[in-house]
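Below, read A as the first sequence line, B as the second, and so on, with proteins coming before strands; counting in each chain starts at 1.
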Amino acid sequence: MNEIIRSVKGTRDFYPEEMAQRQWLIGKMRDASTAFGFTQYDGPCLESIELYAAKSGEELVREQAFVFPDRGGDPITLRPELTPTLARMVAQKQNELVFPLRWWSFGPFWRYERPQKGRTREFFQWNVDLIGSDSVLADAELIAVAATFLRMVSIQPQDVQLLVNDRQLMDQAMTSAGVPADKKGEMLRLIDRLDKLPADVWDEKVLGLGLSLSQLDSVKALLQNKHLWQESSNLRQLFEVVESLGVHEYVTYDPRIIRGLDYYTGTVFEARDTKGEFRAILGGGHYGNLIGDVGGKPLPGVGFAMGDVVISLVLEAYGLLKDELSNTGTVFVTVFNEEMLAQSLQLASKLRAEGLQVVTQTEPEKLAKQLKFADRLGYKAAIVMGPDEESQGMAQVKNLRTREQELVTLNALAEKLKQMIS
RNA sequence: GUGCCUGUAGCUCAAUGGCAGAGUGCUUCACUGUGGAUGAAGAUGUUGAGGGUUCGACCCCCUCCAGGCACCCCA
């Protein structure tokens with residue numbers, strides 16, 4: 001055991017069971033994306049460090065990106081996020097692309113941080129972006145894509161909500177609460193950490209920014225104000241459109257949503273479980289000028305990203321993660337004995353020609369062992385053909401779930417099996 | 001990068017300084033033409049690694065490694 005080489009810290013092995021879940025999850029992401037006409041794209045996993053230098057959170061690149069020299073000595077970065085790559089891809093073809101773009105992607109990302117619940121060093125992320133529209137309709141549409149995904153994986157609105165806010169609204173609110181202009185950034189960061197810090201420590205930090213007690217109180221008051229959104233024409237319109245799109249049951253206003261990344265300029269949102277047991281499931285927002293940072297002409301957009309780790313934990317907690325192996329469509333053809341080997345393999349071949357997925361026994365074993373093998377792999381149907389059946393031109397079709405079996409003529413076999421595994 | 005906790009059979013865990021165990025899983029058999037049950041038998045450990053204390057260490061101490069949780073940051 002000690003001699004098995006360990007996997008790299010923070011990485012995960014996907015055994016067939018986990019791989020089946022991953023594929024299932026990707027399928028739901030694809031369904032939600034394509035329901036709104038988004039098309040898939042991808043960029044390289046290796047990028048130059050300069051791509052991230054202009055933007056992203058400072059720490060994300062400096063502290064958390066995997067950076068290593070290639071054989072020529074140039075620094076290479078394993079992408080920690082997709083948005084800069086997207087910005088570059090759009091900037092490169094800005095004059096030929098048809099806007100607004102509706103693009104989605106799914107792929108691996110790497111961040112060098114201590115693994116913990118919901119956080120690994122290698123993870124997968126679903127990215128959805130709508131670029132080239134500054135309309136609140138675009139923001140609402142992205143929220144609707146996220147909500148549609150939640151609906152497609154059967155997550156209930158009472159369990160997970162998309163919490164929405166607007167950075168410009170918060171900026172104004174900070175002003176009217178008396179937060180000095182040069183302290184707003186720090187104030188917003190503190191709001192972001194509100195539930196991480198003990199209440200008294202939080203108060204102290206706010207006062208440390210130079211706010212008075214009454215200003216602290218007015219900040220706290222506005223963070224409790226569930227109706228603050230009504231002061232923002234952007235959000236008033238957003239919630240109206242969200243309602244028209246039929247996903248309002250998944251969407252709530254929350255003045256405490258700020259989001260970390262520096263490039264968000266307007267609407268911001270994230271999905272949280274309502275019990276507050278898990279980290280943010282997805283996060284996103286409106287960016288006013290993403291493309292400009294990598295050398296293109298300024299273009300607004302809106303996008304969100306969802307990691308595979310937290311959503312999997314949430315789905316598991318609610319018993320919604322598909323845990324069935326994708327073997328249920330497979331037919332197992334037993335080999336009764338050595339004399340029957342040729343006939344059994346021929347039968348399997350014939351069934352494959354009919355479009356079925358067929359596994360055969362590789363060595364002669366007792367029938368009991370063969371059936372146990374098929375059962376443990378999750379196969380649903382098995383064929384038993386011994387000398388008795390063979391002489392009549394028939395075979396036993398066994399349903400491994402119900403343990404029932406039926407004698408069927410070889411010609412009707414494929415049809416019977418398809419019916420059983422469907 | 002900081003702090004706390006945990007490493008014992010494939011898995012879940014017990015043994016608190018005195019002979020390393022249980023449940024489950026696994027293998028075989030009862031069952032020479034039928035798998036989830038039942039019964040019987042069997043196999044499996046450098047107690048994460050290295051060092052120290054002790055007559056004696058899974059247990060106490062040190063170092064390292066790995067994992068978990070929280071902070072930081074964020075999907």
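Contact between the side-chain N/O atoms of K369(A) and the OP1/OP2 oxygens of U28(B) is found at a separation under 4.0 Å. Applying the 4.0 Å criterion to OP1 and OP2 of C26(B), one finds that R376(A) has a side-chain N or O inside that range. Using a 4.0 Å cut-off, no side-chain N or O of R119(A) falls inside it from OP1 or OP2 of A70(B). Side-chain N/O atoms of Q116(A) include one lying less than 4.0 angstrom from OP1 or OP2 on A70(B). For K372(A) and U27(B), the shortest distance from a side-chain N or O to OP1 or OP2 is below 4.0 Å.
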Which atom pairs, one a donor and one an acceptor, fall under 3.5 Å between side chains of residues 339-353 of chain A and the rest of the protein, sequence neighbours left out?
unit_1: S344(A); atom_1: OG; unit_2: M340(A); atom_2: O; d: 2.9
unit_1: R352(A); atom_1: NE; unit_2: V358(A); atom_2: O; d: 3.4
unit_1: R352(A); atom_1: NH2; unit_2: V358(A); atom_2: O; d: 2.9

Listed pairs under 3.5 Å, donor-acceptor, residues 380-392 of chain A side chains, sequence neighbours left out:
unit_1: E389(A); atom_1: OE1; unit_2: G386(A); atom_2: N; d: 2.9
unit_1: E389(A); atom_1: OE2; unit_2: Q396(A); atom_2: NE2; d: 3.3
unit_1: S391(A); atom_1: OG; unit_2: P387(A); atom_2: O; d: 3.3
unit_1: S391(A); atom_1: OG; unit_2: D388(A); atom_2: O; d: 2.8
unit_1: Q392(A); atom_1: NE2; unit_2: D388(A); atom_2: O; d: 3.2

Listed pairs under 3.5 Å, donor-acceptor, residues 307-317 of chain A side chains, sequence neighbours left out:
unit_1: D308(A); atom_1: OD1; unit_2: R12(A); atom_2: NH2; d: 3.4
unit_1: D308(A); atom_1: OD1; unit_2: F124(A); atom_2: N; d: 2.9
unit_1: D308(A); atom_1: OD2; unit_2: R12(A); atom_2: NH1; d: 2.9
unit_1: D308(A); atom_1: OD2; unit_2: R12(A); atom_2: NH2; d: 3.0
unit_1: S312(A); atom_1: OG; unit_2: D308(A); atom_2: O; d: 2.6

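Using a cutoff of 4.0 Å between basic side-chain nitrogens and carboxylate oxygens, R259(A) and D254(A) are not scored as salt-bridged. For E122(A) and R111(A), the salt-bridge test fails: no basic side-chain N is under 4.0 Å from an acidic carboxylate O.
Rounded to whole Å, the distance from CZ on R279(A) to P on C69(B) is 9 Å. At whole-Å resolution of the value, CZ in R79(A) and C1' in A75(B) are 13 Å apart. Here the C1' atom of nucleotide A75(B) and the CG atom of L142(A) are 16 Å apart, to the nearest Å. Whole-Å rounding puts the I258(A) CD1 to C73(B) P distance at 14 Å. Atom CZ of F373(A) and atom P of G36(B) are 16 Å apart (whole Å). In this structure, the CD atom of Q361(A) is 12 Å from the C1' atom of G35(B), given to the nearest Å. Residue E277(A) contributes atom CD, which lies 11 Å from atom P of A70(B) at whole-angstrom precision. As a whole-Å value, the separation of K9(A) NZ from C69(B) P is 12 Å.
Residue V310(A) is out of contact with every strand shown, counting any heavy-atom pair closer than 4.0 Å. Base contact: L400(A) has a heavy atom under 4.0 Å from a base atom. Nucleic acid contact for K196(A): base, since at least one base atom lies under 4.0 Å from a heavy atom of the residue. Within the 4.0 angstrom heavy-atom criterion, base atoms lie near D388(A).
In E338(A), the CD atom is not crowded: 12 or fewer heavy atoms of neighbouring residues, nucleotides or ligands sit closer than 6.0 Å.
You'll find a donor-acceptor pair under 3.5 Å spanning the side chain of Q405(A) and the base of U34(B), going by distance alone. Looking at R114(A), its side chain comes within 3.5 Å of the base of G3(B) through a donor and an acceptor atom. At a cut-off of 3.5 angstrom, counting only N and O atoms as typed in the model, there is a donor on one side and an acceptor on the other between the side-chain of E389(A) and the base of G33(B).
Every pair passing side chain to side chain donor-acceptor pair (under 3.5 Å) that includes a residue from residues 129-142 of chain A is listed here, sequence neighbours excluded: R102(A)-E141(A), D129(A)-Y287(A), D134(A)-H286(A), D139(A)-T267(A), D139(A)-H286(A). Screening residues 193-208 of chain A for salt bridge (charged side-chain N to carboxylate O under 4.0 Å, His left out) gives D195(A)-R256(A), D203(A)-K220(A) as the qualifying pairs, with residues at least two apart or on separate chains.
Where K366(A) and R403(A) each meet RNA chain B at their nearest nucleotide, the meeting point lying more 5' is that of K366(A).
Both thresholds, 5.5 Å between centres and 30° between ring planes, are met by F123(A) relative to the base of A75(B), so the two rings are stacked.
Residue F336(A) places its side chain closer to G33(B) than to any other of G68(B), G33(B), C73(B).
In secondary-structure terms, RNA chain B builds stems of at least 3 consecutive Watson-Crick or G-U pairs, each pair having both distances under 3.5 Å, at B:1-7 with B:65-71, B:10-13 with B:21-24, B:26-30 with B:38-42, B:48-52 with B:60-64.
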